[in-house]
Every structure is written in C-alpha cells, then in structure tokens.
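To keep things clear, I will list the structure first and then write my remarks on it.
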Amino acid sequence: MAYLTGLSALGVDQAVFTGMDGLVIEALGQGPPSAEALAAELAALARRMDPLAQALGGKVLRFTLATEDREVLAVRVGEFLLGAVV
C-alpha cells in the first residue's frame, strides 16, 4: 500500500495511517515520535474523546494538537485514522 506517499509534497513531515487499535497500517517519514508511538497515541486520543462527542450528539471526525514547533492533524474515517505531522 502506498496511500501516504503524496503527502510529502504538501509539507507533511511524518504521517501514519492506523486502525482504532493503534496498529500502524502505513507510515511516512521518520523522527520522534516513532510511527508506532504516534499511531498508538492518536488512536488512544480519538477513543478517549468518543464519550464527550457522544454526549454532544456526534462522533469525533478530526482533531488537532499543536506544540511550539509542530502541529498534528488527525482525521477519522470509520474505524481508521490518518495522522499528519507538519
């Protein structure tokens, strides 16, 4: 599978495609955190936000996390999650 290869041209430093179990299906780029850690943490965040989203009458579809140096965008489609670090 090569779903993520086109993201480099968009300025994405690192990306993971994962299931909600946090296991890596495909990864792009390197660096801290490892692809395995990034996938596991993003899936855990998405799962932990589900009760709040349900209380608000919906589902978590996307979320972002920003630090001083990097930003992470996570998009959820069904039982899959794409996380991109820029």
Side-chain angles (χ1 to χ4, degrees):
M1 287 185 254
Y3 297 118
L4 306 179
T5 55
L7 295 177
S8 293
L10 299 174
V12 173
D13 297 325
Q14 189 176 2
V16 290
F17 180 57
T18 181
M20 291 306 293
D21 57 4
L23 297 177
V24 175
I25 297 170
E26 186 178 349
L28 172 76
Q30 297 181 29
S34 68
E36 292 79 10
L38 181 60
E41 293 294 341
L42 290 176
L45 284 170
R47 286 191 310 268
R48 295 298 296 161
M49 286 189 280
D50 276 343
L52 174 60
Q54 289 173 2
L56 295 170
K59 296 180 180 182
V60 174
L61 300 179
R62 65 181 176 271
F63 59 93
T64 59
L65 170 73
T67 66
E68 294 87 358
D69 301 322
R70 301 167 89 182
E71 187 162 343
V72 180
L73 169 65
V75 178
R76 182 175 177 178
V77 178
E79 291 302 308
F80 297 98
L81 189 65
L82 171 65
V85 180
V86 294

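Residues Leu7 and Leu73 do not share a hydrophobic cluster, clusters being chains of Ile/Leu/Val/Met/Phe/Trp/Tyr side chains in contact below 4.5 Å. Using a 4.5 Å cut-off between side-chain heavy atoms of Ile, Leu, Val, Met, Phe, Trp and Tyr, with links allowed through other members, Leu65 and Phe63 fall into the same hydrophobic cluster. Under the 4.5 Å side-chain heavy-atom criterion for ILVMFWY residues, no single connected hydrophobic cluster contains both Val86 and Val16. A chain of hydrophobic side-chain contacts below 4.5 Å, direct or via other Ile, Leu, Val, Met, Phe, Trp or Tyr residues, connects Met49 to Val72.
Residues passing the side-chain hydrogen bond (donor to acceptor under 3.5 Å, both in side chains) test with Asp13: none are found, sequence neighbours excluded.
Between the side chain of Thr18 and the backbone N or O of Leu23, at least one donor-acceptor pair lies under 3.5 Å. Between the side chain of Arg48 and the backbone N or O of Asp50, no donor-acceptor pair lies under 3.5 Å. No side-chain donor-acceptor contact under 3.5 Å links Arg70 to the backbone of Val85.
Counting Ile, Leu, Val, Met, Phe, Trp and Tyr side chains that sit under 4.5 Å apart, directly or through other members, Val24 stands alone, with no cluster partners.
No more than 12 heavy atoms of other residues, nucleotides or ligands lie within 6.0 Å of CZ in Arg62, so this atom counts as exposed by the packing criterion.
Between Ala43 and Gly19 the shortest heavy-atom distance is CB-O, 4.0 Å. Nearest heavy atoms, Val60 versus Arg76: O-CD, 3.4 Å. Minimum interatomic distance between Ala46 and Met20 (heavy atoms only, all atoms of both residues): CB-CE, 3.5 Å.
For the atom pair CZ of Arg47 and CG of Leu81, the computed distance is 10.0 Å after rounding to the nearest 0.5 Å.
Side-chain contact between Leu28 and Phe17 is absent, with no heavy atoms from C-beta onward closer than 4.5 Å. You'll find the side chain of Leu82 reaches within 4.5 Å of the side chain of Leu4, heavy atoms only.
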